[in-house]
Protein chains: 2
Amino acid sequence: MSEPIPLDGCSVRLVDPERVASVRARLPDGDATERMARVFHVLGEPARVRIVTALLEAGELCVCDLAATVGMTEAQTSQHLRVLRAERTVRNRRDGRMVWYSLDDAHVRLLMDLALQHVTHEHGDGGSA
Amino acid sequence: MSEPIPLDGCSVRLVDPERVASVRARLPDGDATERMARVFHVLGEPARVRIVTALLEAGELCVCDLAATVGMTEAQTSQHLRVLRAERTVRNRRDGRMVWYSLDDAHVRLLMDLALQHVTHEHGDGGSA
DNA sequence: TGCACATCTGCGCAGAAATCAAGATGTCAC
DNA sequence: GTGACATCTTGATTTCTGCGCAGATGTGCA
């Protein structure tokens, strides 16, 4: 059988074409892939990791307290919250002139826990980063 | 680690200073935070998500097959693999003139699964209204 | 209505990272 | 050793994104 493998001509020599086709067929579709990347990308910033971790601990915080907790200006915090909100990572609740933020998704908690385990167990390279 | 509530004048008005201090004390230290962000950052790219997902399915693949699987040039794939390797996300094994890549960490598999659930269920954490 | 407060946004700048093209390195076969 | 092959690296260019500042928006109170 002739494998489709569209490939714009980058690599014509394959070691195991069948396997490539098989794996390729089992990959999540492009849309899911991009969304996954976006979720990770949003969390791929120390400032936002701190924000999310703070919300993880506090449950709910207003912007000014959140800014103080993570040690950033309020404008800065607000900007990051916007990014997090665009990705549905956090949700906001308005109460008067204050806005309270909390995590919007249960998966985020698991993601953070896993990442924390990953970096704390860290294969023994022990060094001051 | 960071100083306890620097308050360099950014936000002098706190709604709940005690809570801020409490949450702040329970946050992971700065080093862990930065590593977590780096892990997420590495995965925050569609191309790398595809690569990792492919390795997740295949177990082990050489660069050329991997490039074909994810639909990129080999040089491009190699570049991303370098980034992934720098973060200990993938490992490589040399066999002749070929180099075989596979995942280096068990947590990555869980991270990817969670992210996939997240984007497929579309933040469906169920329960809480 | 006017002011004070909490939060959000727009703009310019600087640093980081992705992309592309081309060549360098290392390995096998003869 | 020479050539073919698989992979890796380098450099220049472009794009993205976080930061800092100033101002805008929206809300509550007198």
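In what follows, every chain begins at residue 1, and chains take the letters A, B, ... in the order their sequences are listed.
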Peer 1: Between A/G96 and A/H80, which residue's closest nucleotide on DNA chain D lies nearer the 5′ terminus?
Peer 2: A/H80
Peer 1: Would you give the length of the straight line joining atom CZ of B/R48 to atom CG of B/L84, rounded to the nearest 0.5 angstrom?
Peer 2: 6.0 Å
Peer 1: Any carboxylate oxygen within less than 4.0 angstrom of a Lys/Arg side-chain nitrogen, looking at A/E60 and A/R93?
Peer 2: yes
Peer 1: Which distance, rounded to the nearest 0.5 Å, do you find between the CD of B/E74 and the CG of B/D65?
Peer 2: 9.0 Å
Peer 1: Between the main-chain N or O of B/A68 and the side-chain N or O of A/R24, is there a donor-acceptor pair closer than 3.5 Å?
Peer 2: yes
Peer 1: Say whether B/M112 and A/L43 are linked into one hydrophobic cluster, either directly or through other cluster members, by side-chain heavy-atom distances under 4.5 angstrom.
Peer 2: yes
Peer 1: Distance check needed: D/dC8 P versus B/L84 CG, whole Å only.
Peer 2: 12 Å
Peer 1: Looking only at atom types and distance, does a side-chain atom of B/R85 sit under 3.5 Å from a main-chain N or O of B/N92, one as donor and one as acceptor?
Peer 2: no
Peer 1: Tell me the interatomic distance from A/E74, atom CD, to D/dA22, atom P, rounded to whole angstroms.
Peer 2: 16 Å
Peer 1: Using a 4.0 Å heavy-atom cut-off across all strands, classify A/A47 as base, sugar-phosphate, or nothing.
Peer 2: nothing
Peer 1: Please check if the side chain of B/S22 supplies one atom and the backbone of B/E18 the other of a donor-acceptor pair under 3.5 Å.
Peer 2: no
Peer 1: Taking only N and O in the side chain of B/R82, is any of them less than 4.0 Å away from OP1 or OP2 of D/dT9?
Peer 2: yes
Peer 1: Measure the acute angle between the ring planes of B/H107 and A/H118, then classify it against the limits of 30° and 60° as parallel, tilted or perpendicular.
Peer 2: perpendicular
Peer 1: Classify A/Q79 by what it touches in the nucleic acid, base, sugar-phosphate, or nothing, heavy-atom distance under 4.0 Å.
Peer 2: base
Peer 1: Using a 3.5 Å limit for the pairing distances, which stems of at least 3 consecutive Watson-Crick or G-U wobble pairs does DNA chain C take part in?
Peer 2: C:1-30 with D:1-30
Peer 1: What is the 5' to 3' range of DNA chain C, first to last nucleotide, that sits under 4.0 Å from any heavy atom of chain B?
Peer 2: C/dA6 to C/dA29
Peer 1: Check the distance between D/dT25's C1' and A/M98's CE and give it to me in whole angstrom.
Peer 2: 18 Å
Peer 1: Can you check the B/L66 CG to D/dC8 P distance for me, whole Å?
Peer 2: 10 Å
Peer 1: For B/D95 and D/dA6, what is the distance between atoms CG and P respectively, to the nearest whole Å?
Peer 2: 13 Å
Peer 1: Closest-nucleotide mapping onto DNA chain D: is A/R97 or B/Y101 further toward the 5' terminus? I mean the 5' end.
Peer 2: B/Y101
Peer 1: How far does CD of B/E45 sit from CD1 of B/I51, to the nearest 0.5 angstrom?
Peer 2: 10.0 Å
